[in-house]
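Naming convention: chains lettered A, B, ... in sequence-line order (proteins, then strands); numbering from 1 in each chain. Quick caveat: nothing in here was measured; it's all calculated off a predicted structure.
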There are 2 protein chains.
Amino acid sequence: MAEGLSAFDNICNRLRNHSYKLTPQRQTILRTFLQHVDVHLSAEDVYMLVKHQYPEIGLATVYRTLDILADIGVLQKNDFGDGRSRYEFTRTDEHHHHHLICLRCGSVSEFDDDLLESLETIITKKTGFEVHDHDLKFYGHCQSCQKELS
Amino acid sequence: MAEGLSAFDNICNRLRNHSYKLTPQRQTILRTFLQHVDVHLSAEDVYMLVKHQYPEIGLATVYRTLDILADIGVLQKNDFGDGRSRYEFTRTDEHHHHHLICLRCGSVSEFDDDLLESLETIITKKTGFEVHDHDLKFYGHCQSCQKELS
DNA sequence: AAGGAATTTGCAAACCATTCTCATTGGCAT
DNA sequence: ATGCCAATGAGAATGGTTTGCAAATTCCTT
């Protein structure tokens, strides 16, 4: 990680390194994302947020930019089963995290855990399948929904 | 499990018990599924297969029947990230199994493992999230694709 | 600073799996 | 056998996402 560079500048450089042009639309989308690191935004969410600062922006541009950011590893595209893709910043540390999806309100929280690294090794040894990545989701009820249901 | 009943008859009874009518379309779809227990069929796949024996069948009926079979627990609906739902018979034994999805050819194989039951308990204790179910997918390269890539 | 090639943008139309509408058909309890 | 209500088939509708295209823009070159 370069010294003295903000996360924003850092990602802009990564875009340039991949010979993507640095348009104001892309910068605005990126800035918007940096202001919402904790939530899992959909393309539509991003579109709505960005439209405040950049009313002329098109939905297709948002989709294309999210694709690019996922392509260069800045964002991770997630499917929580609600019919739309949701994006979050790729974790820089080693820790894998899993998603806890509430079946009632749809909220998504996270859980850190390394357990699956060893399982990947076991799978490769037993089956010969070469594991590159995994995706683990838990479905159930979040605490506030549990209260409302009781 | 009732004695002397085929899997087919058994599921027909389950349909009746849930007060679903036993139409020839549903029987044909079910029979088709029983002939392909090893693969993960999509609705379109089932439609094509069933159309041979039952040319008048509509795609919507296939979708509706698969929904019902998933609803009464006969089938399990899976999302392997290829933009369509895929169905497989629900395992009758206790073992959970996970899916190994090849990023190159799209083939899906399976891996049995119980490890996550204990993780579910840990999550509930640590976060208060009440886990009902989980979904674990591994992405990578299957053995035959590894050979072709080397 | 200006030129110019190649990207990128916004818009609308296209896509595609899935769901819905609705008139018709057919299962099954009585 | 009769009738109620669920189930069917056809096509239209839906909704997230992608694409085609002409105009605008980035940014490298001079």
Would you list the protein and nucleotides 15-17 of chain C atom pairs, both N or O, that sit under 3.5 Å from each other?
| unit_1 | atom_1 | unit_2 | atom_2 | d |
| --- | --- | --- | --- | --- |
| C:dA17 | OP1 | B:R84 | NH2 | 3.3 |

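Of the residues A:T23, A:I68, A:T65, A:L34, the one that meets the side chain to side chain contact (heavy atoms under 4.5 Å, CB included) test with A:I29 is A:T65.
Note: CG (A:L66) to C1' (D:dG16) measures 13 Å, nearest angstrom. Atoms CZ (A:R16) and C1' (C:dT7) sit 15 Å apart, rounded to a whole Å. We find that CG of A:L15 is positioned 16 Å from P of C:dT7, with the value rounded to whole Å.
The shortest distance between side-chain heavy atoms of B:F138 and A:L119 falls below 4.5 Å.
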Can you build the contact string for nucleotides 7-14 of chain D? Use B for base contact, S for sugar-phosphate-only contact, and - for no protein heavy atom under 4.0 Å.
SBBB----
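One side chain, B:E88 or B:H40, offers a donor N or O that lies under 3.5 Å from an acceptor on the other. Side chains of A:N17 and A:R14: a donor-acceptor N/O pair is absent below 3.5 angstrom, by distance only.
Nearest heavy-atom pair across B:T90 and B:G73 is OG1-O, 2.9 Å. Counting all heavy atoms, side chain and backbone alike, B:I122 lies closest to A:F111 at CG2-CZ, 4.2 Å. Residues B:H141 and B:C102 come closest through the heavy atom pair CA-SG, 3.9 Å.
Rounded to 10 degrees, the angle separating the terminal axes of the helix from C:dA1-D:dT30 to C:dT30-D:dA1 is 30°, with each axis obtained from five end pairs.
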Stepwise, does the side chain to side chain contact (heavy atoms under 4.5 Å, CB included) test hold for B:F33 with B:L49?
CA-CA 9 Å; B:F33 242 101; B:L49 287 167; over 6 Å; no
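B:R86 has a carboxylate O that lies under 4.0 Å from a charged side-chain N of B:D45, or vice versa, which qualifies the two as a salt bridge.
Classification of the B:H134-B:H98 ring pair by plane angle, with boundaries at 30° and 60°, yields tilted.
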